[in-house]
Amino acid sequence: QVQLVESGGGLVQAGGSLRLSCAASGRTFSSYYMGWFRQAPGKEREFVATISWSDRTIYYADSVKGRFTISGVNPKNTVYLQMNSLKPEDTAVYYCAAMTGSIYRDYYRPNLYDYWGQGIQVTVSS
């Protein structure tokens, strides 16, 4: 069984920073993409950032570009999300996710990721 566990969430003021971590446990696996999604109350789960391990290409949602930075170590199936200049609209549950079955062009679609963490709360106050 594969488990992804997020850590590093919490409450910060607008303009502040947080660093999220995601670590895998259980059986070993290989992923093609590994990254982050988020979901606010009453809204659909949305793409935040991901890494394509094959070529180390990084993709960001337009809403976080220039503020968030994703990084990771492929052999350890570990990813991080450095979040700077946080805004109240960044408030959400953040999920770590891995795509392992196949390589897809649409890296931003959550239904194409098959391993998920439980999620961690990030709250940004005004």
Side-chain angles (χ1 to χ4, degrees):
Q1 185 177 13
V2 173
Q3 297 288 335
L4 302 181
V5 181
E6 304 96 338
S7 62
L11 172 65
V12 297
Q13 294 183 341
S17 298
L18 283 174
R19 181 176 171 86
L20 303 183
S21 299
C22 175
S25 63
R27 69 174 179 85
T28 59
F29 68 99
S30 297
S31 63
Y32 299 104
Y33 293 90
M34 196 166 179
W36 298 89
F37 292 77
R38 66 186 182 186
Q39 188 167 22
K43 299 183 68 177
E44 296 291 326
R45 189 166 299 187
E46 67 174 352
F47 167 75
V48 176
T50 197
I51 296 175
S52 171
W53 294 124
S54 62
D55 58 5
R56 297 282 176 166
T57 301
I58 293 174
Y59 303 93
Y60 294 102
D62 289 341
S63 59
V64 306
K65 193 172 299 182
R67 300 187 298 119
F68 292 9
T69 302
I70 188 172
S71 61
V73 181
N74 180 227
K76 297 183 179 180
N77 287 307
T78 301
V79 290
Y80 306 94
L81 186 68
Q82 178 66 45
M83 304 183 293
N84 298 326
S85 302
L86 283 163
K87 305 174 181 179
E89 49 263 48
D90 294 318
T91 296
V93 175
Y94 283 70
Y95 296 90
C96 177
M99 183 190 299
T100 66
S102 299
I103 300 175
Y104 297 97
R105 178 178 63 85
D106 297 338
Y107 55 83
Y108 53 86
R109 294 174 58 189
N111 62 300
L112 299 182
Y113 290 71
D114 49 348
Y115 292 153
W116 291 86
Q118 289 289 96
I120 189 165
Q121 180 69 46
V122 171
T123 302
V124 184
S125 62
S126 301

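The residues of the chain are indexed from 1 along the displayed sequence. Only a predicted model underlies this, so the values are computations on that prediction, with no experimental measurement involved.
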Return the minimal non-hydrogen interatomic distance between [X] and [Y], and the atom names on each side.
| X | Y | answer |
| --- | --- | --- |
| G8 | L18 | O-CD2, 3.8 Å |
| S63 | R38 | OG-NH2, 3.5 Å |
| A92 | Y94 | O-CD1, 3.4 Å |
| K43 | Q39 | O-NE2, 3.0 Å |

- Message: Tell me if the aromatic rings of Y113 and F37 count as close, with their centers under 6.0 Å from one another.
- Response: yes
Would you say [Y] ends up clustered with [X] if hydrophobic residues are merged whenever their side chains have heavy atoms under 4.5 Å apart, either directly or through other cluster members?
| X | Y | answer |
| --- | --- | --- |
| V124 | I120 | yes |
| I51 | F29 | yes |
| L20 | F68 | yes |

- Task: Assess whether atom CZ of R56 is packed by more than 12 heavy atoms of other residues, nucleotides or ligands within 6.0 Å.
- Result: yes
Within this structure, what is the [atom1]-[atom2] distance for the pair [X] and [Y], rounded to the nearest 0.5 Å?
| X | Y | atom1 | atom2 | answer |
| --- | --- | --- | --- | --- |
| M99 | S52 | CE | OG | 9.0 Å |
| N77 | M34 | CG | CE | 5.5 Å |
| S102 | Y32 | OG | OH | 6.5 Å |
| Y107 | L112 | OH | CG | 12.5 Å |
| Y60 | I70 | OH | CD1 | 6.5 Å |

- Do R45 and Y95 have side-chain heavy atoms sitting under 4.5 Å apart? yes
- Item | Sub-4.5 Å side-chain heavy-atom contact between F47 and Y59 | yes
- Any pair with a residue in residues 18-30 that passes side chain to side chain donor-acceptor pair (under 3.5 Å), sequence neighbours left out, goes on the list, sorted by first then second residue, please. R27-Y115
- Message: Test your reading of the model: is there a side-chain donor-acceptor pair from D90 to the backbone of V122, 3.5 Å cut-off?
- Response: no
May I have the list of side-chain donor-acceptor pairs in residues 79-89 shorter than 3.5 Å, sequence neighbours left out?
{"from": "Q82", "atom 1": "NE2", "to": "N84", "atom 2": "OD1", "distance (Å)": "3.0"}
{"from": "N84", "atom 1": "OD1", "to": "S17", "atom 2": "OG", "distance (Å)": "2.9"}

- Query: If you draw the axis of the six-membered ring of Y104, does the NZ or CZ of R109 fall within 45° of it and under 6.0 Å from the ring centre?
  - Reply: no
- Output, in order, the C-alpha distance, side-chain angles, deciding distance and verdict of side chain to side chain contact (heavy atoms under 4.5 Å, CB included) for C96 and W116. CA-CA 6 Å; C96 177; W116 291 86; over 6 Å; no
